[in-house]
Amino acid sequence: MPWRTGPRDRAAGVRPDPYRVWLSEVMLQQTTVAAVKSYFLAFTERWPTVTALAAARDEDVMAAWAGLGYYARARNLLKCARVVAQDYGGQFPQDHATLLTLPGVGRYTAAAVSAIAFDDPQVVVDGNVERVMARLHDEHTPLPQAKPVLTGYAAALTPVARPGDYAQAVMDLGATICTPKRPACGLCPWRAPCAAWAAGTMAELPKKAPKKRKPTRHGIAYLARRVDGAWLLERRPDKGLLGGMLGWPGSDWSDDPAEAPPIRAEWRELGEEARHTFTHFHLRLTVKTALVPMERTPDRGDFIEAPDFSPSDLPTVMRKAFDLAQGSWSKVR
DNA sequence: GACACGTGGCT
DNA sequence: TAGCCAAGTGT
């Protein structure tokens, strides 16, 4: 993984760069390694230091984060970079309690940065560690109730020597061997002391509270293209779903959304809805398209010149609407 | 403690 | 296809 340093680096006395550790940990929050890799490389290439990131324009960072999800992370990432640049002289604070005060840095990330970047033996507990501890101790109390107990188990194992390597090793164990389904116990270095292995309960741990089912909401997205090729887009407010991201103007998302065209035009409805699932609801998005003349002024949103817009700047749900419209327009042609 | 907050891959 | 799941944080 591009954010890891190797044994040769450390033998030469090289410590991991706190900026890269922090950036990777924020990207990895609730997100898979496979999804993070290309984003991490793009960010570090474009903004090699926290000072460089702090100087970036908001819209550039949001566009670079587009597709990775949980966009509050990107807003907090920028806030945090600016705090580090302005209040800490561009150097990440090494103190765990101070790290915890930074925007977007919670218990997990503060502990991970402390251990990995600063060799400070803080207790790193993520979903992997919870699963490994639940199995190691055959803990049947469901999450999130079991969290304090599992954290206690993790604390008892955290070593003073090489806490960063230890934390990453346990997370790697959880990610590759002690997996949620069908754990590879035959390969596990901790099989002998594992209480769940002894009891045969490893596949059913950790227990979790049952999930609530997701309701389905509906919405309308309006994709207007000006005759010169410019696109009508809108910056979403910082708070709430997809906060700070670019999107197509649209209706609210509800049981029965009202029409909300952002500009006077002959709107054509596509035959297919864009479907997307968020954390807590399913969305079926009706897509309407229109071609509008040069002189007409939108009620909402702004026209962005074609060369200044890339669909990769959009959150995935908005890109799905775009993709559907592309298909329909090419069919007409 | 409960809930809001994305996305893509896997089963 | 639909549900589950991933290196969480903020409110």
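Residue numbers start from 1 in every chain, and the chains themselves are labelled A, B, ... in the order their sequence lines are given, proteins ahead of strands.
Taking atom CD of residue Q30(A) and atom C1' of nucleotide dC3(B), one finds them 13 Å apart after rounding to whole Å. For the pair Q168(A) CD and dA6(C) C1', the computed distance is 17 Å after rounding to whole Å. K214(A) has its NZ atom 10 Å from the C1' atom of dG6(B), to the nearest Å. Separating the CZ atom of R107(A) from the C1' atom of dG8(C) is a distance of 11 Å, rounded to the nearest angstrom. Taking atom CG on D323(A) and atom P on dT7(B), their separation rounds to 13 Å, with Å as the unit. Distance, H276(A) NE2 to dG8(B) P: 7 Å, rounded to whole Å. Between K211(A) atom NZ and dA2(C) atom C1' the separation is 14 Å, expressed in whole Å. Rounded to a whole Å, the CD atom of E25(A) is 10 Å from the P atom of dT9(C).
Side-chain proximity of Y108(A) to dG8(C), dA6(C), dT7(B): nearest is dG8(C). Of the candidates dA6(C), dT7(B), dT9(C), the closest approach to any side-chain atom of T109(A) belongs to dT9(C). Closest approach to the P144(A) side chain among dA2(B), dA6(C), dG6(B) is made by dA2(B) (side chain taken as heavy atoms from C-beta onward). Distances from the side chain of Q29(A) to the nucleotides dG8(C), dA6(C), dT7(B) place dG8(C) closest. When distances run from any side-chain atom of P315(A) to the nucleotides dG8(C), dT7(B), dC4(C), the shortest one goes to dT7(B).
Looking at P249(A) and L232(A), their side chains come closer than 4.5 Å, going by heavy atoms from C-beta outward. Within the 4.5 Å cutoff, the side chain of W190(A) has heavy atoms near those of the V132(A) side chain. Within the 4.5 Å cutoff, the side chain of E130(A) has heavy atoms near those of the K147(A) side chain. Looking only at side-chain heavy atoms (C-beta outward), M318(A) and M245(A) stay at 4.5 Å or farther from each other. Side-chain atoms of S24(A) and M1(A), non-hydrogen and from C-beta on, never get closer than 4.5 Å to each other.
Across all strands, V36(A) comes closer than 4.0 Å to no nucleic acid atom at all (heavy-atom distances). Counting non-hydrogen atoms under 4.0 angstrom, R275(A) reaches nothing in the nucleic acid. The residue M318(A) sits apart from the nucleic acid: no heavy atom pair falls under 4.0 Å. Using a 4.0 Å heavy-atom cutoff across all strands shown, G67(A) reaches sugar-phosphate atoms only and no base atom.
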Contact list (N/O, under 3.5 angstrom) for nucleotides 9-11 of chain B vs protein:
none

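Using a 4.0 Å cut-off on heavy atoms, none of the residues of residues 15-24 of chain A approach DNA chain B. For DNA chain B, the residues of residues 68-87 of chain A within the heavy-atom distance limit of 4.0 Å (strictly under) are L68(A), G69(A), Y70(A), Y71(A), sorted by number. Near DNA chain B, meaning a heavy atom under 4.0 Å from it, residues 232-246 of chain A has G240(A), L241(A), L242(A) in order of number.
For residues 65-82 of chain A, the pairs satisfying side-chain hydrogen bond (donor to acceptor under 3.5 Å, both in side chains) are T31(A)-R73(A), D58(A)-R82(A), with sequence neighbours left out. Counting only residues at least two apart or on different chains, the side-chain hydrogen bond (donor to acceptor under 3.5 Å, both in side chains) pairs with a member in residues 151-169 of chain A are R4(A)-Q168(A), R10(A)-D165(A), R162(A)-D165(A).
Dashed line: the shortest gap from a side-chain N or O of K147(A) to OP1 or OP2 of dG1(B) is not under 4.0 Å. Applying the 4.0 Å criterion to OP1 and OP2 of dA6(C), one finds that K208(A) has a side-chain N or O inside that range. Look at T31(A) and you won't find any side-chain N or O under 4.0 angstrom from OP1 or OP2 of dG8(B). Residue H280(A) places no side-chain N or O under 4.0 Å from the OP1 or OP2 atom of dA4(B).
Comparing the P positions of dT11(C) and dG6(B) gives a spacing of 14 Å, expressed to the nearest Å.
A distance of 6.5 Å separates CG of L143(A) from NZ of K208(A), quoted to the nearest 0.5 Å.
Atom CG of D302(A) has 12 or fewer heavy atoms from other residues, nucleotides or ligands within 6.0 Å.
Using bins of under 30°, 30° to 60° and over 60° for the plane-to-plane angle, the ring pair W3(A)/F40(A) lands in the perpendicular bin. Relative orientation of the F309(A) and W231(A) rings is tilted, given thresholds of 30° and 60° on the angle between their planes. Using the six-membered ring where Trp is involved, F278(A) and H276(A) have ring planes that are perpendicular, over 60° apart on the 30 and 60° scheme.
The existence of a salt bridge linking E305(A) and R226(A) is confirmed by a sub-4.0 Å separation between a basic side-chain nitrogen and an acidic carboxylate oxygen. Salt bridge present: E259(A) and K288(A) bring a charged side-chain N and a carboxylate O closer than 4.0 Å.
Residue W197(A) comes nearest to M202(A) through the heavy atom pair CA-SD, 3.8 Å, listed as atom of the first residue, atom of the second, then distance. R15(A) and I116(A) make their closest contact through NH2-O, 2.9 Å (heavy atoms, listed as atom of the first residue, atom of the second, distance).
Mapped onto DNA chain C by nearest heavy atom, T32(A) and G106(A) fall at different nucleotides, with T32(A) at the one closer to the 5' end.
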